[in-house]
Asker: 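Take a look at the following structure, please.
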Amino acid sequence: MADGDYERGRGREIAAIAARLKRLAAERDGRKAVPSSVSGASRPGVLVLNGWASSPHAWDLCGFLSRPGVHLFSYVDQLAGQPERLLDSSAGRFVIVGWSMGGSGALRLACRFPDRVAGLVLVAATPRMMEDKAADWRGMSPRRLDALRKGLGITHGEGFFGVPEGKPNPYMVDAPENLEGGLKYLLETDVRADLERTPFPPFPVHVFQSARDGIVRAENAAYLKAVFPQARVTMVPGTEHALPIMIPKEIDDAVDACLAVPAQG
């Protein structure tokens, strides 16, 4: 896909996503959280790491977010090291759910705290966002990243999810310095070496990847399967990157599966 095609296509994708959100709103309001069979004393917490420049409303269709013990971190929280501080200060284990930039963050946390991970749910996740021609790694080119920056002008503010009536604007965190900090993270972060040398316990891993995602390449799913042989990989047809609003039930089921493992063990 050419960079210009990507940028021009965002308007059509946004319209389709907005229509889908309206159709699914009733389902979201009627969804009931499925209680885990794990007792309160041993039940892992859940850390959710959001994508760059994404509203927390990206997760509104996922029922697991309304449960006790769930912590949602924006990309600004991640840049400030808040998930690391929580893991440093808290006892117990956590299921870590990461989408896009947050998927990279989830992999970083797993490398640093492998014994604190009860499971990983990796949604359009990559250890390295940018291409690495020397290593034959397919990722975004600098031009594609610049197109993503420009596309933000379309998807920002009242784009994907809008500003909820009577509530704070969820995009208030997106000061220019925060957005640029997130872009710098995407440009520079590479977790591959840490992933390949860390001895991980056999915690459950679920990988969700669009087959033709123009931001995170489909090859990432194969790479993550090689790092985590126990991973369950779900390839989603199409090009959509915003998987939390496209496959919320599948993500809910993956979180449930991770939370159920301690009770079975």
Side-chain angles (χ1 to χ4, degrees), residues 1 6 9-10 12-34 36 46-67 70 72-75 95-107 118-126 129 155 159-162 170 203-225 228 230-261:
M1 179 190 301
Y6 167 78
R10 293 308 292 164
R12 293 190 295 273
E13 290 183 20
I14 293 163
I17 291 169
R20 180 178 175 83
L21 281 174
K22 289 179 181 178
R23 291 196 303 271
L24 294 178
E27 291 182 25
R28 175 197 62 194
D29 294 338
R31 289 176 74 89
K32 301 297 183 182
V34 179
S36 170
V46 180
L47 304 187
V48 185
L49 308 183
N50 212 353
W52 173 72
S54 296
S55 160
H57 297 294
W59 299 91
D60 277 0
L61 299 177
C62 294
F64 78 88
L65 208 68
S66 64
R67 300 177 187 177
V70 177
L72 174 61
F73 295 95
S74 72
Y75 76 98
V95 174
I96 305 177
V97 183
W99 168 41
S100 193
M101 174 179 162
S104 167
L107 294 170
L120 286 175
V121 179
L122 302 170
V123 183
T126 176
M129 186 71 71
T155 62
F160 270 173
F161 309 106
F203 46 70
V205 179
H206 295 255
V207 176
F208 296 95
Q209 174 66 49
S210 286
R212 295 185 292 116
D213 190 334
I215 296 175
V216 173
R217 303 293 189 176
E219 289 88 345
N220 281 271
Y223 176 86
L224 294 172
K225 176 68 174 176
F228 301 107
Q230 76 275 27
R232 179 174 180 178
V233 177
T234 301
M235 298 301 295
V236 181
T239 63
E240 185 53 58
H241 185 66
L243 290 179
I245 67 172
M246 303 306 293
I247 54 166
K249 183 181 185 303
E250 289 84 349
I251 295 173
D252 279 342
D253 290 345
V255 174
D256 283 338
C258 290
L259 290 172
V261 166

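These numbers come from the heavy atoms of this one structure, side chains and all, not from hydrogens, waters or symmetry mates.
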Asker: Do you know the tightest heavy-atom contact between Gly119 and Cys258?
Answerer: CA-SG, 3.9 Å
Asker: Which residues pass the side-chain contact (heavy atoms from CB on, under 4.5 Å) test with Ala221, not counting sequence neighbours?
Answerer: Val207, Gln209, Val233, Met235
Asker: Do NZ/NE/NH1/NH2 and the carboxylate oxygens of Asp213 and Arg217 come within less than 4.0 Å?
Answerer: no
Asker: Less than 4.5 Å apart, side chain to side chain, heavy atoms only: is that true for Pro244 and Val123?
Answerer: yes
Asker: Is any side-chain heavy atom of Phe64 closer than 4.5 Å to one of Val46?
Answerer: yes
Asker: Is there a side-chain contact (heavy atoms from CB on, under 4.5 Å) between Trp59 and Leu72 once you walk through the steps?
Answerer: CA-CA 10 Å; Trp59 299 91; Leu72 174 61; 4.1 Å; yes
Asker: Hey, is the main chain of Trp52 close enough, under 3.5 Å, to the side chain of Ser54 for a donor-acceptor pair?
Answerer: yes
Asker: Test Arg67 against Asp252 for salt bridge (Lys or Arg N to Asp or Glu O under 4.0 Å), laying out the working first.
Answerer: CA-CA 11 Å; Arg67 300 177 187 177; Asp252 279 342; 5.7 Å; no
Asker: What pair of heavy atoms forms the shortest contact from Phe203 to Gln230, and how long is it?
Answerer: O-NE2, 2.6 Å
Asker: Determine whether Val48 and Leu65 satisfy the following criterion, side-chain contact (heavy atoms from CB on, under 4.5 Å), listing intermediate values before the conclusion.
Answerer: CA-CA 8 Å; Val48 185; Leu65 208 68; 3.7 Å; yes
Asker: Out of the candidates Ile215, Leu107, Val216, only one should pair with Thr126 under the side-chain contact (heavy atoms from CB on, under 4.5 Å) rule; please name it.
Answerer: Val216
Asker: Give me the atom names and distance for the closest heavy-atom approach of Ala125 to Asn220.
Answerer: O-CB, 3.7 Å
Asker: Got a donor-acceptor contact below 3.5 angstrom from the Ser210 side chain to the Glu240 backbone?
Answerer: yes
Asker: Can you give me the closest heavy-atom contact between Leu49 and Ala106, atom names plus distance?
Answerer: CD1-N, 3.3 Å
Asker: What I want to find out is whether Arg232 reaches Asp253 closely enough, with some N-O distance under 4.0 Å, to be called a salt bridge.
Answerer: no
Asker: Any non-hydrogen side-chain atom of Val121 less than 4.5 Å from a side-chain atom of Ile96?
Answerer: no
Asker: Between Val95 and Leu259, is the side-chain contact (heavy atoms from CB on, under 4.5 Å) condition met? List the steps.
Answerer: CA-CA 7 Å; Val95 174; Leu259 290 172; 3.8 Å; yes
Asker: What I want to check is whether the side chains of Ser100 and His241 have a donor and an acceptor closer together than 3.5 Å.
Answerer: yes
Asker: Rounded to the nearest 0.5 Å, how far does CG of Asp256 lie from NZ of Lys249?
Answerer: 9.0 Å
Asker: Do Phe208 and Leu122 make a side-chain contact, defined as non-hydrogen atoms from C-beta onward lying under 4.5 Å apart?
Answerer: no
Asker: Can you tell me if Asn50 uses its side chain to pair, donor with acceptor, with the backbone of Tyr75 under 3.5 Å?
Answerer: no
Asker: About how many Å separate CD of Glu250 and OG1 of Thr234, when rounded to the nearest 0.5 Å?
Answerer: 7.5 Å
Asker: If you look at every heavy atom in Ala58 and Trp99, which pair is closest and at what distance?
Answerer: CB-CZ3, 3.7 Å
Asker: Can you give me the closest heavy-atom contact between Ala218 and Ala211, atom names plus distance?
Answerer: CB-O, 3.3 Å
